[in-house]
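The shown structure was predicted, so the numbers you read here are calculated from the model rather than taken from an experiment. Below, chain A is the first sequence line, B the second, and so on; all start at residue 1.
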Amino acid sequence: MPDRSQRRITILDVAREAGVSKSTVSLVLRGSSLVNAETRDRVEAAAERIGYVYNRGAAALRSATSSFVALVIPDLVNPFFAQLAVAVEEALSARGFVPLLANTNDSPNRQRDLMRSMREHGAAGVMISPAQGTPPEDLAGLGLPIVTMMRRPASAPDPALPYVGPDNADGARRIAAHLHGLGHRRLAFLGGTTGMSTQHERLSGLRAGLAAAGLDPDRAVTVHDALPSRSGGHAAALEVLAAAREGDRPTAFVGYNDIVAFGAGGALRAQGLRIGRDIALTGFDNVAETAHHAPPLTTVDVRIDDLGRAAAAALLARIGGEAVPPETILPTRLVVRESCGAPGAGATEPVRPS
DNA sequence: TAGTTGGCAGCAATGGGGTG
DNA sequence: CACCCCATTGCTGCCAACTA
């Protein structure tokens, strides 16, 4: 037996309260110009008085549309994706859409379950940064408008699978040029070769930048596997330090992203190295935390807000049936802070033994 | 003719009644 | 008893028709 006291207040209640038909209430709620101003005021006052809340579920049922957009993120603990989610949410809400946020923990299986759940909830479209190892058919066969962000789907550019991301290669080239300009000739790239497009593009850009500076990339940069996390960066940096021969240690550590650099920074400090003096450290993304790192981190600004806005705009265009370019690549810029000095800048001062 | 209204459609779950 | 079919429920949006 349903509890009548808990019954939802509907437009029929508003209509009764205002002394009009439910059709008129519906017109008022949707901002129709057909309604007399005095009637509109009466309906709005009645709705306010009895505590009416618009039922989007019923509206979606009637109109066969949805205002929910699935926002599927691989790692919400990474502040980059948290900032991206905020930017996307702002862009969506400005157009009357609400994100349904899902975290995949970088698992394609979990991602598959979440995508099914999003469809069950009637999402109008999907914005996704795919989990590592996502089979292309998981995205292509979804049957919903979709936009990929940051990580390319593992296929050639496809108008049905638009991609929005930063110019990773160009950003990494800027890092290479900056470090080379400071005198660094031995770099360690902490980001490995997991097959993620972002890592591949950033490493390629780094190598291209070193080559453009006249160095042999195969000698100037070593590549080390690192999970895209603080602990991944920490472990990778420790391994590099442990494996380096006397006098052979890289003078600059290049994090695949900012949180890898944060993790590496912790490892370097624990070994008694002074970041910015004994050793250089860079990140990528320019999350808010980089400015407050000790010392503040040199990184590449990927314009997270612009990425979120561009991705949201692309998806809403797709939902509206408009064509969008298969790729939207946003420019990056280098942000120089205190985490990089010339190699050996602090050599005259003793290094605390580890 | 501007403003308002009643009837019905839309989807999926649920429950009741009929059949083998 | 299992199964199937159909009516009902929930709430809003659309549209033709009505009224002043």
Would you list the pairs meeting ring pair (Phe, Tyr, Trp, His ring centres under 6.0 Å) in which at least one residue belongs to residues 259-293 of chain A, sequence neighbours left out?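 Listed by first then second residue: A:F262-A:H293.
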Return the value, rounded to whole Å, for the distance between atom [atom1] of [X] and atom [atom2] of [N].
X	N	atom1	atom2	result
A:I11	B:dT4	CD1	P	15 Å
A:N36	B:dA2	CG	C1'	9 Å
A:R40	B:dA2	CZ	P	16 Å
A:L12	C:dG10	CG	C1'	11 Å
A:D41	B:dT4	CG	P	12 Å

Measure from the side-chain heavy atoms of A:V20 and tell me the nearest of C:dC11, B:dT4, B:dT5.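 For A:V20, the side-chain atoms sit closest to B:dT5.
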Any side-chain donor near an acceptor of the partner, [X] and [Y], under 3.5 Å:
X	Y	value
A:R337	A:N286	yes
A:R202	A:N168	yes
A:D258	A:T290	no
A:T198	A:H200	no

So, OP1 or OP2 of B:dT4: does either fall under 4.0 Å of a side-chain N or O from A:S21?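 A:S21 to B:dT4 OP1/OP2: no side-chain N or O under 4.0 Å.
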Would you say A:Y52 places a side-chain N or O within less than 4.0 Å of OP1 or OP2 belonging to C:dC11?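 No, A:Y52 has no side-chain N/O under 4.0 Å of OP1/OP2 on C:dC11.
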Return the polar atom pairs (N/O with N/O) between nucleotides 14-19 of chain C and the protein under 3.5 Å, or none.
from, atom 1, to, atom 2, distance (Å)
C:dC14, OP2, A:R30, NH1, 2.6
C:dC14, O4', A:R62, NH2, 3.2

With a 4.5 Å heavy-atom cut-off, do A:L187 and A:F253 have their side chains touching?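 No, every pair of side-chain atoms sits at 4.5 Å or beyond.
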